[in-house]
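Reading through the structure tokens given below for one structure.
We count ligands from 1, going down the list as the structure has it; atoms in each ligand are counted the same way. Just so you know, residue 1 is the first one in the sequence shown, and it goes up from there.
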Amino acid sequence: MSASTFAIENVRVWSDGLSLAPEAFQSVVLQNGKIAWLGRTNTLPNEYSDAKCLDAKGKLLTPAFVDCHTHLVFGGNRADEFAARLRGTSYAQIAASGGGIMSTVRATRALSLDQLIDQSLPRARNLLAEGVGTIEIKSGYGLDFENERKMLLAARAIGRALNVSVQTTFLALHALPPEAKSGDARRLWIDSVINDCLPRLVDEGLVDAVDAFCESIAFDLAEVERLFEAASRLSIRCKLHAEQLSNSHGSALAARYQALSVDHLEYLDEAGVRAIAQSGTVATLLPAAFYCLRETKLPPIEWLRSAGVPMAVASDCNPGTAPQSSLRLAMHQACTLFGLTIEETLAAVTRHAAAALGLHDRGQIAVGQRADFALWDVQSAAEIVYWLGHLPVQHLRL
Ligand code: NIG
Ligand code: FE
């Protein structure tokens with residue numbers, strides 16, 4: 001038996017599709033960072049009987065959660081815009097007057113790599129403290145090669161510092177930098193993002209996926225398609241901020257490029273649902289942004305459900321529309337605001353969130369999956385979603 005064999009005993013294993021409060025005490029054997037065996041504690045095979053073991057004393061084991069959409073690397077904050085929105089100014093109005101994403105771009109550009117890591121680390125720590133083991137982090141507040149690269153490097157450094165799995169997404173088309181506002185400059189800037197920044201960042205190994213913001217206040221379908229074409233030629237998978245503030249039909253475009261996920265989706269129509277159902281694209285719901293923008297248009301949950309589209313839920317942690325470094329709060333919001341069930345919400349931060357990142361080695365407790373878990377002192381998995389605020393959890397990464 002290898003020295004790295006480890007067993008968690010007397011644990012109640014939560015499993016997607018099964019009871020929220022499993023009764024039976026099980027053991028999970030871990031070898032070389034993966035699940036090697038899983039079953040009733042009293043049927044543990046002899047070969048594992050002298051593995052180092054942890055007595056879980058009946059606690060509930062889930063896969064470590066996956067936060068599959070965050071912008072948690074950024075400088076500064078936008079509390080002033082929050083105040084303005086409370087006085088009635090809209091998100092689009094703030095963006096049009098040079099605030100919004102652009103104010104975070106200015107604050108992010110002003111920081112060194114180390115300062116950016118320092119400002120962003122506490123947000124990642126908050127996620128980890130609630131059982132998250134994989135975090136997707138987007139760039140998109142640099143808007144030039146050096147600053148986008150700085151953001152992606154900061155994201156990777158956070159992964160190493162916290163010993164957590166970080167997936168980096170190059171959010172190539174998030175906003176236009178001030179230096180590229182006019183017609184020709186806009187086209188030239190997009191050219192440089194696609195033909196210069198993208199391949200260089202891919203060459204450095206910093207790009208796990210690309211993303212864009214498809215919206216009337218951001219980028220149109222033709223512009224997004226150019227990015228997706230270029231990314232596909234480099235074998236990089238696509239994601240898209242789609243139908244957040246209006247129906248731009250971005251989801252149907254993303255489906256044509258077999259995108260990993262389309263995210264937000266409040267204004268998604270039935271044709272868009274059919275398109276992503278066919279392409280197997282994950283629908284990522286971001287209830288924190290819905291909540292913070294006081295949006296009233298609900299994403300079409302019933303259509304997504306009946307079309308069998310996998311739904312993920314993420315924090316969207318960002319300084320503008322979701323200053324929320326809590327995935328558990330997003331889970332609660334997905335239930336209370338969007339009407340997801342507890343079971344759907346748990347699948348949405350495990351199996352479906354992993355799929356939204358193209359990862360199939362995590363998100364389930366099954367033989368062969370990564371040994372990355374959260375151990376909860378709760379009676380039932382519903383408690384994980386029910387409690388607002390503190391809920392102690394032990395992150396087990398072996
Ligand atoms: O996911 N929609 C665009 N991007 C972010 C918001 C970014 C910002 O306002 O800083 C989002 O909501
Ligand atoms: Fe986002």
- Message: Quick check on the Fe ion (ligand 2): does Asp211 put an N/O/S atom closer than 2.8 Å to it?
- Response: no
- Item | First-shell residues of ligand 1 [heavy atom, distance under 4.0 Å] | His69, His71, Arg78, Tyr91, Ile101, Tyr141, His174, Phe213, His241, Gln244, His264, Asp316, Asn318, Gly320, Thr321
- Will you find, in the side chains of Glu130 and Ser326, an N or O donor that is under 3.5 Å from an N or O acceptor? yes
- Query: Going by atom types only, do Glu295 and Tyr267 share a side-chain donor-acceptor pair under 3.5 Å?
  - Reply: yes
- Message: Over 60° means perpendicular and under 30° means parallel, so tell me whether Phe338 and Phe290 are parallel, tilted or perpendicular.
- Response: perpendicular
- Message: Rounded to the nearest 10°, what angle sits at the Fe ion (ligand 2) between NE2 of His71 and NE2 of His241?
- Response: 100°
- Task: Look at the aromatic rings of His71 and His174 and report parallel, tilted or perpendicular, splitting at 30° and 60°.
- Result: parallel
- Shortest-distance N, O or S atom of Asp316 relative to the Fe ion (ligand 2): OD1
- Message: Between Arg40 and Ser27, do the side chains contain a donor N or O and an acceptor N or O under 3.5 Å apart?
- Response: no
- If we ignore angles and hydrogens, is there a donor and acceptor under 3.5 Å between the side chains of Ser325 and Arg125? no
- Does the side chain of Ser192 come under 3.5 Å of the side chain of Asn195 through a donor N or O and an acceptor N or O? no
- Task: Starting from the Fe ion (ligand 2), look over the N/O/S atoms of His69 and name the nearest one.
- Result: NE2
- Answer yes if the side chains of Asp372 and His395 hold a donor-acceptor pair under 3.5 Å, and no otherwise. yes
- Query: Mind checking whether the Fe ion (ligand 2) has an N, O or S of His264 under 2.8 Å?
  - Reply: no
